[in-house]
Structures are given as structure tokens and as C-alpha cells.
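All heavy atoms count here, side chains included; hydrogens, waters and symmetry mates do not. Numbering of residues begins at 1 and proceeds along the displayed sequence.
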Amino acid sequence: MGTLRATTVPVHRLTTAQRDAAWAVFSRYYENTDRERFERDLAAKDHVFLLHAEGRIVGFSTVCVDRVGDIVSIFSGDTVLEPAHHGAGALQWAFFRYIVRTKLRNPHRLVTWFLISKGYKTYLLLARNFPTHWPRRGAPTPDWARELLVTLATRRFGDALDPDALVLRFTADHERLRPDVAPVEQQEDPDIRFFATANPGHADGDELCCLGVVDAHLVMSWPMKRLERLTGRTAPPAPRP
């Protein structure tokens, strides 16, 4: 399988070969897409996490930074990784470093992660790593977080947003995961079942709008959780700031 490593590259510095390789992976796992749409979405992002193994690109994820008043929000675009490398952790560490750097540049502002998820694996990155996130099972989304999500989603996706459900519903030709990539029906995890309930149209390409808070508790707890997964031992809980 080879060791997975991640590099963070500004979008404007991507080479033609890197773009071709990222598109090859993306088109393998997504339906109803084309190269023009892929390039247009890529151009709207700031950075790309390129995931390499055995001398080739096997996945990627895109990010950019938005602002709503004094709130800084990191937006994640499409993420795709060949199944053989799921769980390797390189992407998570690259993303963690990115959000920490963003927080350090904005120490007195609220920093959040805004993501939209058509697949449960993306949602689990939020649910498993962000102590404060919404929507989540067993806790209502507070008004301020709902309002921020509506603002961010409407700014990017307009009328596609259902503000009550916090779900984006696109036209029939919108890109979506191929049916065999992340079948929710085979999962019993409570967070996955929550995702399926909150976004019942995920198989049709509907996207659940989600928000995570980047704070001191996240910064302290994330490395401990990664250590626990690597060693199989339970790390001590991170103290609340």
C-alpha cells in the first residue's frame, strides 16, 4: 500500500500533472461530474491537500477561508481518497495543521470549520475530532450556529439550501458519490445513523451543512485522539480551557 503523505499546495501553484492526477482520482469515485466543473470548483479554493503514496497522487482535499463579520470560517470542498489508504491519518494531520495556523493568525476571532457532507466518512471527521460541532446527535444546533451556517451556505450555494433542514439539495445532474463508495445502509455506528437521518437524500447527492468550532479544547484533544487510534490505548482527556 505504501506510506501515505500529504503536501499542502496553493491552488494557483498546482502543476498540470497534479491537476490531471487529482481529476483522475475524483472522476473514479464521483458521478455526474466533468473536468470543467472540477476545475471551476478547484479555482474557488485557496489550498489543496495532495495525498501521495508509492510515487503517485491517491487523493486530495480542498480548503479556503471565508469571513462573516468577525468570524473566520474554513470551508472544505470535495475530499476523495482511494479506499486502500483510508484511516492512514495523513490528511487529518495536514488539515489539523491548517486549522491551527488559521487560528493562530486569528487569536481573538471565532474560527470555525464549515463543511458540507454527502458521505458519512466526511461527517465522521467532524464528529470524531471536533468536541464542539453541529448538527450532532443528542444536542440541538444553537441559533447562532444555525444562522452562520445559513449565511455561509447561501453565500456559496444560493437557493440550493433548505434552511430548516440545513441540507443542500441540488439539481439531478449534481455530482455525487458512486453508490458503492460509502453505503450508509451497512453501518450501525450511531453517528453514521444520525448522519443518514439528518441527510436522508445523501445517496442522491444532498449535502448536510456542518460546523465545527476551532478552539483550545480542539487543539489539545485532537493529538490525543490520534495517539489513541495509533496505539490502541486510551489517552487522558484534554483539560477544558
Exercise answer: donor-acceptor pairs, residues 95-104 side-chain atoms, under 3.5 Å, sequence neighbours excluded:
unit_1, atom_1, unit_2, atom_2, d
Y98, OH, H47, ND1, 3.2
T102, OG1, Y98, O, 2.9
K103, NZ, R109, O, 2.8

Decide yes or no for T62 and D41: does some side-chain heavy atom of the first lie under 4.5 Å from some side-chain heavy atom of the second?
no

Where does the angle between the aromatic ring planes of F60 and F38 fall among parallel (under 30°), tilted (30 to 60°) and perpendicular (over 60°)?
perpendicular

Nearest heavy-atom pair of K45 and V11: which atoms, and what distance?
O-CG2, 3.4 Å

Flag the pair F195 / Y120 as yes when their ring centroid distance falls below 6.0 Å, and as no otherwise.
no

Heavy atoms of V68 and R155 approach each other most closely as CG2-NH2, 3.7 Å

Do the non-hydrogen side-chain atoms of Y123 and H133 ever get within less than 4.5 Å of each other?
yes

Closest non-hydrogen atom pair between W134 and A145, with its separation
CE3-CB, 3.7 Å

To the nearest 0.5 Å, what is the distance between OG1 (T141) and CG (L148)?
11.5 Å

State, to 0.1 Å, how close S61 and T79 come at their nearest heavy-atom pair, and which atoms those are.
OG-OG1, 2.6 Å

Minimum-distance pair of heavy atoms, taken over all atoms of N129 and L218:
O-CD1, 3.1 Å

Quick check: does any side chain N or O of N199 sit under 3.5 Å from a backbone N or O of D206, one acting as donor and the other as acceptor?
yes

When every non-hydrogen atom of S221 is compared with those of P131, the smallest separation belongs to OG-CG, 3.6 Å

Step by step, would you call D70 with L110 a side-chain contact (heavy atoms from CB on, under 4.5 Å)?
CA-CA 7 Å; D70 289 333; L110 174 63; over 6 Å; no

Using the ring of each side chain (for Trp, its six-membered ring), is F157 parallel, tilted or perpendicular to F170, with breaks at 30° and 60°?
perpendicular

Inspect the surroundings of CZ in R40 and state if more than 12 heavy atoms from other residues, nucleotides or ligands are less than 6.0 Å away.
yes

Does a side-chain heavy-atom distance below 4.5 Å link R19 with R35?
yes

Side-chain heavy atoms of D78 within contact of Y30, under 4.5 Å
yes

How many angstroms lie between atom NE2 of H85 and atom CG of L91, to the nearest 0.5 angstrom?
13.0 Å

Any side-chain heavy atom of R67 within less than 4.5 Å of one from N106?
yes

Once rounded to the nearest 0.5 Å, what's the spacing between atom CH2 of W144 and atom CG of L149?
8.5 Å

Polar side-chain atom of H86 near backbone of L81 as donor-acceptor pair, under 3.5 Å:
yes

Please test L50 against L14 for side-chain contact (heavy atoms from CB on, under 4.5 Å), starting from the C-alpha separation and ending with a verdict.
CA-CA 10 Å; L50 294 176; L14 287 172; 3.9 Å; yes

Could you tell me whether a side-chain N or O of R146 sits under 3.5 Å from a main-chain N or O of P163, the two making a donor and an acceptor?
yes

Spatial distance of atom CG (L211) from atom CG (L115) [nearest 0.5 Å]:
8.5 Å

Does a side-chain heavy-atom distance below 4.5 Å link R28 with V80?
no

Less than 4.5 Å apart, any side-chain heavy atom of E82 and any of Y29?
yes

Test your reading of the model: is there a side-chain donor-acceptor pair from S27 to the backbone of A24, 3.5 Å cut-off?
yes

Between W23 and T33, is any pair of side-chain heavy atoms under 4.5 Å apart?
yes

Kindly indicate, with the supporting measurements, whether the criterion side-chain contact (heavy atoms from CB on, under 4.5 Å) is fulfilled by H202 and L208.
CA-CA 8 Å; H202 61 88; L208 181 65; over 6 Å; no

Pairs satisfying salt bridge (Lys or Arg N to Asp or Glu O under 4.0 Å), at least one member in residues 86-95, at least two apart
none

Summary of salt bridge (Lys or Arg N to Asp or Glu O under 4.0 Å) pairs that have at least one residue in residues 156-166, sequence neighbours excluded:
D66-R156, D162-R169

Please round to the nearest 0.5 Å and tell me the distance separating atom CD of Q92 and atom CG of L125.
5.5 Å

If you round to the nearest 0.5 Å, how far is CD of E207 from CG of L166?
13.5 Å

